[in-house]
Structure formats: C-alpha cells, structure tokens
Amino acid sequence: MIDPKHLRNEPEAVAANLARRGYVFDVAAYRALEAQRRELQSVTQALQNERNQRSKAIGAAKQRGEAIEPLKVEVADLGDRLEQAQQRLTEVQQRLEAWQLELPNLLDERVPEGSDEADNLELRQWGGIPVFDFTPRDHVDLGAQLGGMDFEAAARITGSRFVTLSGDLARLHRALIQYMLDLHISEHGYREVYVPYLVNAQALIGTGQLPKFADDLFCIDHDPEWYLAPTAEVPVTNLVQGQIIEEHDMPLRFVSHTPCFRAEAGSYGKDTRGMIRQHQFEKVELVQVVRPHESWNALEALTGHAEAVLRRLGLPYRVVSLCSGDIGFAAARTYDIEVWLPAQQRYREISSCSNFTDFQARRLKARWRNPETGKPELLHTLNGSGVAAGRCLVAILENYQQADGRVAVPEVLVPYMGGRRWLGEGEGS
RNA sequence: GGAGAGGUGGCUGAGCGGUCGAAAGCACCCGACUUGAAAUCGGGUGAGGGCAUGCGCCCUCCGGGGGUUCGAAUCCCUCCCUCUCCGCCA
C-alpha cells in the first residue's frame, strides 16, 4: 500500500509515478471520495464526541442520585444519527481502502521506462554462452533419453503442466535444492525456515497477491478460504506480519525451500512444452526484513546471493532491471536473473529479486522499533528466488549435455549426487 | 473428534456496565545522587486516525465480527486462535 498521507497530500505525484507502469490513477475521483471521507469523518466524530459527553453526564448524574430519565430522552435520536453517519463513513472508508489495496507500489526513479519484457535493461552478463558441435537438445528430449522425466504420467495423475521426475533426475533436483539451501545458510547468513504451504487471504493481501490477482491462485475448498502458496514469499514474509522487530535483530534473512503453486491463468499456449511453466514447482526463496535506510544495499546483496548459485553451478546468465511496464505490482525495483537455455537460444527468468520498500510492510503492519525515535516504524521487505529449482534443473540439463546424450553433473553438486559425475551412465539412469 | 481454561499495552498481569486507554510490575527514556557504573529516589513512556499544524482539541482500538445499552475491556451471540485432559493418528 502506498502511504495514505502521501496519497492525500500529493495525488498528482502518485498518479505520475503510477502512469509509468501504464496504470491510470483518477486523481479527480480520488479527491472527491477523499473529500467525502473527510467530511463524513468529521461529522461522525463530532457525534461520537457528543454521545460520549452525554453518556458521561448521565453517569455523573446517576452517581449523584439525580433522575436520569430526562437526560436519556434528550439523547434518544442521537444514536440513530450516529449510526447513519457511521454507516456512510464506513462505506466510503471501505471503498477508499479497497481502492488503495489495488494501487501498485511507487516505482523507484531508476526503473527504466518501457512497456514490456523487451524494454528491460540488461545490467550485466556472466559466463560464456556454450558452443556445441552438435545441435543441443532441449530438456524434454534429454529427459526422455535419460529417462525419469514423465509428463504423461503427471497428466494421468493430475493434468497438464505437471511433471514426474524419477531416478537420477529426481535426485539431481533434490541435490540442487540441498546445495542452494546450504550455500545461503552457511555463506550468505540466512536462517532456514519451514512454513505452511496453505495460506489465508490476509497473508496474501499482506504481500500483495490479493485482492488483485486471485485468478493466479489455487483456492482450497475450506472455510475460511485457504490458498496454495504461489511462492514462499507469502508465508515467509508474513512471519513479520503484525510484529515489531527490535533493531538488534535486524536485518532478518530467511531462506526457505517450498513448493509453489500457480494457476497460470492467462498463459494458455505459453511454454506448454516441458518444465518451464508448471502449476507446481520447487523454489528456494530468500527473504530479507531490513531497516528502511539499508534496503537498497540489501537488494544488491540479495541479488548477488542468487547470482552466486548460478556462478557456482557454472550456468551462464544475465541480470536485467525490469522496466516500468514489466515490473511486479508490489515492487519498487526488480532485478531478474535470466539463465541461458541453449535449446531456446535465449535467456529465461530463473530468479526475480525485488525491493518492496514499505509497500508490503504497510499491508502487513510489520514494523521495527527505531532507536532514534523510540517509535515503531514501518520496515522494508525484499525477496528473491535463490533460485527456482525446476528451471535450474532444465538449465543444467541443457547446458551440460554431451553429444551422446549424457549430462555432466556440475562440480559442486557431485557430493550431493553420491559422487556421481554423469547422468546417463551407470545405475540410476 | 469429545471435555475444560483462556485470549488486555514491548513483556508479565489486574480490571463491581459509567473520567478505564486501562492498576501494578518489568523493560525503556529523562533528571537527581555518584569520579563513573550499579543500587536508590523523582518524573515520563501504547498504537492508529481526524481537525488545527502554535500550544492543542477530538475520535477509534482490550483476538475478529455482530448484538444489548444513554454508555461495554466488562453482558449476549458467533467465528478464529492458544493452552490442558481424553480419543485417533503421519
């Protein structure tokens, strides 16, 4: 949520910022509603004040042993007037709040202008693009040849956009996750957390998935409604929901391995082949909870932590700064890390690292105690994939493939693979 | 699933329907004492919001929602959560 005070004081500035996203904020309509709110609130509070005074007077009179019936008659219609005013105020307040919950975060000024993916700004590349003396196969073909990647079985069990892995591939997938967790815990200072995969609406509102993006979520038939978490960002960031964090505990750095569930509504016909876009995938997520003044540095550090995974795995990648038209709802600034996929001859997103500034914190009522003021103040939240396991598996298969269909195991994963150096030979394949 | 207890400020914990936003303690801040610190003493200290934006005035908040009442932290209904015991169980 955008700071309501800022919204009130400078709606034009907010509108101008949001316009960069292509979001139209109707300042006049907002002003009108806000004026209504102000008027109704003043009236309501005046009535409440009167009620309080009268009630106190009645209480005092009663204690003096005076008759209170005449006093009660005087306030007979006060209750009705108050209730009416309150109802209208509540209605306007709810409309305002609903509106504010649908406003995306303000963009940082460094976010490049643009309308879509094509306008994202490349910041750096790492690793040479591999050259093959044969036509590289994609991960689906490789998986079929290696055995153990079965989309048909998953379709029987559930439907499209699911996969089953078995043997070496299942183990490699698990090895990746273990490796990433170990790296972030032992070298990057994160604390591992285990969290619920089913989350309630309030948690999703807190991080910004609701109310606007309900179509992207799987909802469970349960009262109250529960949703399958689309990313660990939701349960992990909500660890600080409603909390006041002491300064000496900050910054908080959490890493969590979870499955992620996405309805992928609106992506029909997109990436229908293979594991790139699934309803269910595994991810190792990095979340940071920081003091406001350090969040921009934290974004650089967090992105570096995600990059470290790809460097250690020897996977070529680039980092792009998402443009104003492509950046997510809650983010003030986002770096996407894109890994090279030889079969597609292009970079594909494997991590997305964002600074949400105080946008999520305001929705979450997540605060820290600022020692300079002694008061609880909104903190800043960040997160990034570190990294998506499914897509990383794809990248390893495609980048490490050999002419004969075997796949080399990245050096750092060998210990996690029981010493195995090759997929496609020996037991397990 | 069955039975019971409870959810109050940063924490612990009081609170006959009427100056209760809430006692007390802890923690914290300021001051005094002290060479300094500790201890002690005095004072202060919840959050969100509206109007004024000089001081200030006012509203809301005692798990969530609804109700009774002139008036609710206090009574009623309902939902959620926590704890204890029993049952079942990965």
Side-chain angles (χ1 to χ4, degrees), chain A residues 1-10 30-31 33-101 194-206 210 220 222-227 235 238-250 252 259 289 291 358 361-379:
Chain A
M1 204 152 72
I2 296 171
D3 181 3
K5 279 188 190 135
H6 182 234
L7 190 58
R8 266 197 296 273
N9 296 335
E10 297 178 64
Y30 167 78
R31 274 233 166 81
L33 191 58
E34 174 58 22
Q36 225 181 327
R37 191 222 94 237
R38 187 193 311 250
E39 169 65 16
L40 284 171
Q41 185 157 336
S42 292
V43 169
T44 304
Q45 292 191 351
L47 285 170
Q48 284 174 327
N49 184 22
E50 188 180 346
R51 177 203 59 194
N52 292 344
Q53 302 301 332
R54 301 280 192 150
S55 292
K56 270 182 193 169
I58 291 177
K62 195 176 174 187
Q63 252 169 12
R64 289 192 301 266
E66 301 171 5
I68 58 172
E69 285 309 317
L71 292 173
K72 286 170 80 165
V73 172
E74 274 181 47
V75 296
D77 72 322
L78 217 180
D80 289 340
R81 285 192 291 150
L82 214 187
E83 196 174 336
Q84 269 186 24
Q86 217 150 23
Q87 259 175 24
R88 289 195 297 155
L89 174 62
T90 302
E91 199 252 330
V92 168
Q93 276 176 331
Q94 282 173 350
R95 275 168 57 197
L96 258 179
E97 199 196 328
W99 195 351
Q100 286 172 20
L101 282 176
Y194 170 80
V195 291
Y197 305 151
L198 289 171
V199 296
N200 61 35
Q202 196 192 340
L204 287 157
I205 289 169
L210 287 180
I220 296 298
H222 180 273
D223 185 28
E225 280 181 340
W226 283 346
Y227 301 81
N238 270 278
L239 286 169
V240 296
Q241 178 202 120
Q243 304 298 302
I244 298 173
I245 310 298
E246 293 302 329
E247 203 221 6
H248 58 76
D249 290 327
M250 298 180 85
L252 295 173
V289 174
R291 307 170 191 88
D358 60 10
R362 188 168 289 107
R363 290 166 163 248
L364 291 162
K365 295 175 176 54
R367 296 170 297 177
W368 69 298
R369 195 171 289 282
N370 183 349
E372 286 178 19
T373 62
K375 302 268 181 202
E377 297 173 8
L378 292 173
L379 42 77

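The sequence lines fix the lettering, A, B, ..., with proteins before strands; numbering per chain opens at 1.
- Side-chain to base pairing of A:Lys62 with B:rG18: one donor and one acceptor N or O lie within less than 3.5 Å of each other.
- Side chains of A:Gln93 and A:Gln41 form a contact here, defined as non-hydrogen atoms less than 4.5 Å apart.
- Here, B:rG87 and B:rG21 have their P atoms 48 Å apart, quoted to the whole Å.
- Counting to the nearest Å, the P atom of B:rG10 and the NZ atom of A:Lys365 are 14 Å from each other.
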> Are A:Gln100 and A:Leu96 close enough, and set up right, to give a side chain to side chain contact (heavy atoms under 4.5 Å, CB included), and what steps lead you there?
Replying inline: CA-CA 6 Å; A:Gln100 286 172 20; A:Leu96 258 179; 4.0 Å; yes

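- Between A:Asn9 atom CG and B:rC51 atom P the separation is 10 Å, expressed in whole Å.
- Taking atom NZ of A:Lys56 as the reference point, atom P of B:rC59 lies 7 Å away to the nearest angstrom.
- If you take CZ on A:Arg95 and CG on A:Leu33, they are separated by 5.0 Å, rounding to the nearest 0.5 Å.
- Taking for each of A:Lys72 and A:Asp223 the nucleotide of RNA chain B with the nearest heavy atom, the 5'-most of the two is the partner of A:Lys72.
- Going from atom OG1 of A:Thr90 over to atom CD of A:Glu83 covers 10.0 Å, rounded to the nearest 0.5 Å.
- Considering only heavy atoms from C-beta on, A:Gln243 stays 4.5 Å or farther from A:Leu364 through its side chain.
- Only the C1' atoms considered, B:rC83 is 41 Å distant from B:rC30, to the nearest whole Å.
- Computed from coordinates, the A:Lys375 NZ to B:rG48 P distance equals 8 Å when rounded to whole Å.
- A:Gln241 has its CD atom 17 Å from the P atom of B:rG63, to the nearest Å.
- Distance from the side chain of A:Gln48 is smallest for B:rC59 among the nucleotides B:rG50, B:rC59, B:rG10.
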> Tell me, what's RNA chain B's dot-bracket, Watson-Crick or G-U with both distances under 3.5 Å, | for other-strand, [ ] crossing?
Replying inline: ((((((((.[[[..)..(.....]]].(((((.......))))).((((((....)))))).[[[[[..)....]]]]])))))))....

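- Rounding to whole angstrom units, CZ of residue A:Arg369 and P of B:rC11 are separated by 9 Å.
- Here A:Ile244 lies in heavy-atom contact (under 4.0 Å) with sugar-phosphate atoms only.
- Contact between the side-chain N/O atoms of A:Arg51 and the OP1/OP2 oxygens of B:rU60 is found at a separation under 4.0 Å.
- Between A:Asn52 and B:rG71 there is no side-chain polar atom (N or O) within less than 4.0 angstrom of OP1 or OP2.
- Straight-line distance between the C1' atoms of B:rG66 and B:rC89: roughly 37 Å, to the nearest whole Å.
- Comparing the same atom, P, in B:rG6 and in B:rC76 gives a spacing of 12 Å after rounding to whole Å.
- For the pair A:Gln94 CD and B:rG65 C1', the computed distance is 12 Å after rounding to whole Å.
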>> Quick one, A:Leu82 with A:Thr44, criterion side chain to side chain contact (heavy atoms under 4.5 Å, CB included). Give me CA distance, side-chain angles, the key distance, then yes/no.
In response: CA-CA 6 Å; A:Leu82 214 187; A:Thr44 304; 4.2 Å; yes

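- Distance check on atom C1': B:rG48 versus B:rA32 gives 36 Å, rounded to whole Å.
- Taking CG of A:Leu204 as the start and CZ of A:Arg363 as the end, the distance is 10.5 Å to the nearest 0.5 Å.
- Using a 4.5 Å cut-off on side-chain heavy atoms (C-beta onward), A:Lys375 and A:Asn370 make no contact.
- One can place CG of A:Leu78 at 9 Å from P of B:rG71, the figure rounded to the nearest angstrom.
- Take the nearest nucleotide of RNA chain B for A:Glu83 and for A:Pro4: the residue whose nucleotide is more 5' is A:Pro4.
- Between the C1' atoms of B:rU34 and B:rA22, the separation comes to 37 Å (whole Å).
- Side-chain N/O atoms of A:Arg38 include one lying less than 4.0 angstrom from OP1 or OP2 on B:rC51.
- Comparing the C1' positions of B:rA14 and B:rC20 gives a spacing of 12 Å, expressed to the nearest Å.
- Using the six-membered ring where Trp is involved, A:Tyr194 and A:Tyr197 have ring planes that are perpendicular, over 60° apart on the 30 and 60° scheme.
- Remark: the separation of the C1' atoms in B:rG63 and B:rA73 is 12 Å, to the nearest Å.
- At the phosphate of B:rG50, OP1 or OP2 sits under 4.0 Å from a side-chain N or O atom of A:Arg8.
- Note on A:Asn49: a side-chain N or O is less than 4.0 Å away from OP1 or OP2 of B:rC59.
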